[in-house]
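Per chain, numbering begins at 1; letters A, B, ... match sequence-line order.
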There are 2 protein chains.
Amino acid sequence: MSLEPWDELRTALQVARAGTVSGAAQRLGVHHATVIRHIDGLEDRLGVKLFQRHAKGYALTEAGRMLTDGAAEAEARFDKLAARLDMLQSGIEGDLCVTTVPELCDIVLPVLSQLRADNPQLVPCLRVEERLARLEYGEAHLALRAGARPTEPDNVVQPLGALPVALFAAPAYLERRGMPRTEADLADHDVVTVEPGHARAPFDRWMEQHARHVGLHSNDRTTLLAAMRAGLGLGFAPASLQSDALVQVMPPRPDWSAELWLVTHVDLHRSPKVQAATTALKARFAALADESL
Amino acid sequence: MSLEPWDELRTALQVARAGTVSGAAQRLGVHHATVIRHIDGLEDRLGVKLFQRHAKGYALTEAGRMLTDGAAEAEARFDKLAARLDMLQSGIEGDLCVTTVPELCDIVLPVLSQLRADNPQLVPCLRVEERLARLEYGEAHLALRAGARPTEPDNVVQPLGALPVALFAAPAYLERRGMPRTEADLADHDVVTVEPGHARAPFDRWMEQHARHVGLHSNDRTTLLAAMRAGLGLGFAPASLQSDALVQVMPPRPDWSAELWLVTHVDLHRSPKVQAATTALKARFAALADESL
DNA sequence: TATATGCTTTGCGTCCTTGCACGATACCAT
DNA sequence: ATGGTATCGTGCAAGGACGCAAAGCATATA
C-alpha cells in the first residue's frame, strides 16, 4: 500500500481545508469532478475512508485527519522550499531583506544605502525584529544578531567580530551632573538600562552590576536612547553612534562589547545577492572595529 | 512560482537517487520519456536548472539538491503516514507488534499468548529492544517502557503503575552463604548488578549504594539473571518471577519499584487492535500490583 | 580508429485523465 | 409549499500525458 501519487494528497488536503469538494476545486483551479476522482482513487488505493460524505460537504475521518495533517506538513515544507528557490535564482536584483535588532539598524542602514547605490536593480529592505526571523521560510535573506552565537540548524552563521560599545549621555545631563572620569564616579550618576533580570548583552550585565541609581528601565532599546537624549541618565550605545544629542562619556571597553553574528540560510549564502550583502556588511563592521582602536 | 504538481517532485527525487533518468524510470515504473518530461516541466515552471545533463546521467545542481532534500523529507513523512494508516485500518487481526525491554518480556509474553487465544486472527510479535522503537514509523504498535516517563511528541503514554521488584538468589548460593534476613546482612553477600555508573532504575541505584561485594557486572539484564541462577550472588528481578532456579530473598519494597509506561502513537491508540492489547496489559499489571500487597 | 554500450532526446499513436454538462439531493428563505 | 442555492455524483467527448521505438550523442573498450 502506498499513497502515491502525491498530487492526490494535495487535493485531499485542500478538501480538508475547504470542507467541500467545490471549494477545493476552486482553490486548486481544477474541475470538482477531478477532485472527487482523486479522493475516490486515494481511498480505493488505501482501502480507508478518508472523508464522510455529508450533504453539506466532506468531513474528515480519523484516517483522513492523519493523512491531511501529514500533507499539510509536507505543503509547508514545499512552501519554504519554493521561497528559497525563488531567492536563489535571482541575481543582484529584486528584494534583499535584512533583519536585525533595533540597536544595529543605524549601522546597517548606510550599508544598505551603499548597496542600493551600487546596484540600481536592488531594492533593500530592513526589518527590525527582536526575534530571529525564520530564514528557512524566506522571511529574510540575512539576519544580523547580537549576543550568543545562533544555533539554528541549516543556518550558516559567520562572526562579525565585537561591536565596540561606549557610554553616552546627553550634554544637558553632563552639564547638570558633571562628567564622570573614573569607574568609581559612576556610583553618583543615574543610568538608563534594561529591566532587572533581562540583561543579556555584556554591557547590560556590566551595568546591572555597577549601576547604583537607575533613572529609567525599559524593555525597548529605542526608548532607552530617547531617555538618554532626554537627560535621564548615562547609557550604552554603539561607539559608532553619531548624534548631536549624545556625547561619548567613556570610550569602548572590551568587556562591554557585544559579539555580532551574520546568519544566512545554507542554501542562500552562496547566491550572488547575499554574497554582495555579506561582504559589504563585513567590510563595514571591520571598519568600525578599526576606528575604535 | 509554485512547485506543483507534487508528483514531479517525486520523480525528481528518484532521479537524484538513481543518478540517471533510466534508473529513476525503472524505480517509478514509468517510461524514461515521462521522467524527462517531468524534470523539464519542473525546471520550466521554476525557472531554475535542477540537474546538469551529463553524458552518464543527471547530476544535481545546488537548487536541485535543495529541492530533492525537501522531497526526501516529505517522502519520509509520507512513508510514516502510510505505515500508520496501514495499522489503523486493520481490526483485531493481523500483526500486533509490541516492544519492550528484556526485563519485562517474561511478564508480557503470557498476555500476548492470551490475546492470541482470544483472537485467532491475531498474530502477536514481541520485539525486545533497549531503545524506544520509532512508533511513528510503524515499527511497533505498542511499547512498554520502564523508568522515566517517555516524552516523545505524538506518543500517548499511560502509566502502568509500579512494577514490584524483589531480591532473588539461587538456592545453591543461599545454601552456601546463608539467607540474609536484614538489610545489614547484605553487606556480607555478593551481588550481581549493572556496571557502575549505568544504574538507571531505582533498584539499580539502591544496589549501587548498598552493595559491598560485587560478584559480577553486566550491561545485559538476561546475563545478570543467568549469573544469579549460577549462584554468583543476589540480584533484583520482578517479584512475579516464577523459577525453580531462583528464590525470593527479600519481598518487594516501594523504593525498589520501577515505574512502568505504556506508550502508543496518538493515531493508533484508539484502534481496536491496540485497545485490546492495552486493556489486557493494564489488567495484567494491575493484577501483579495486587499480588504483591 | 572502429565498435559497443550506455544514456538522452524526439516524433507518433494510444490511453488515461480531465473538463463539461446534466442530474440528483439537501437545505434555506420567501 | 416552492423556488433558489448550495452541494455531490456520473456519462460523454476532448486534450494532454504516457508508452513505444528509432535516432542522436558521448564515453569507454578493443
Would you kindly give the NE2-to-P distance between B:His31 and C:dG11, to the nearest whole Å?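 Going from B:His31 (NE2) to C:dG11 (P), I get 16 Å.
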Can you tell me the distance, in whole Å, between the CD1 atom of B:Ile36 and the P atom of C:dT10?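 Computing the B:Ile36:CD1 to C:dT10:P distance gives 9 Å.
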Does the D:dG16 base have a donor-acceptor partner in the side chain of B:Arg37 within less than 3.5 Å?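 Result: no qualifying N/O pair found.
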Tell me whether the side-chain N or O atoms of B:His32 pair up with the base of D:dG19 as donor and acceptor below 3.5 Å, since no angle test is needed here.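 Such a pair does not exist between side chain and base.
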[X] side-chain N/O to [N] phosphate OP1/OP2 under 4.0 Å:
X: B:Tyr58; N: C:dG6; result: no
X: B:Thr34; N: D:dA17; result: no
X: A:Ser22; N: D:dA6; result: no

Does B:Glu259 have more than 12 heavy atoms from other residues, nucleotides or ligands lying within 6.0 Å of its CD?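 It does: B:Glu259 CD has more than 12 such atoms within range.
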Under 3.5 Å donor-acceptor, B:His141 side chain and B:Cys97 backbone: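 Answer holds: yes.
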Should the pair A:Arg145-A:Glu152 be classified as a salt bridge under the 4.0 Å nitrogen-to-oxygen rule?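 No salt bridge links A:Arg145 with A:Glu152.
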Are A:Glu43 and A:Arg53 within salt-bridge range, i.e. N to O under 4.0 Å?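 A salt bridge is present here (some side-chain N lies under 4.0 Å from a carboxylate O).
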Nearest-neighbour nucleotide for the A:Thr20 side chain, C:dT18, D:dC20, D:dT7 considered: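 Nearest to the side-chain atoms of A:Thr20, counting from C-beta on, is D:dT7.
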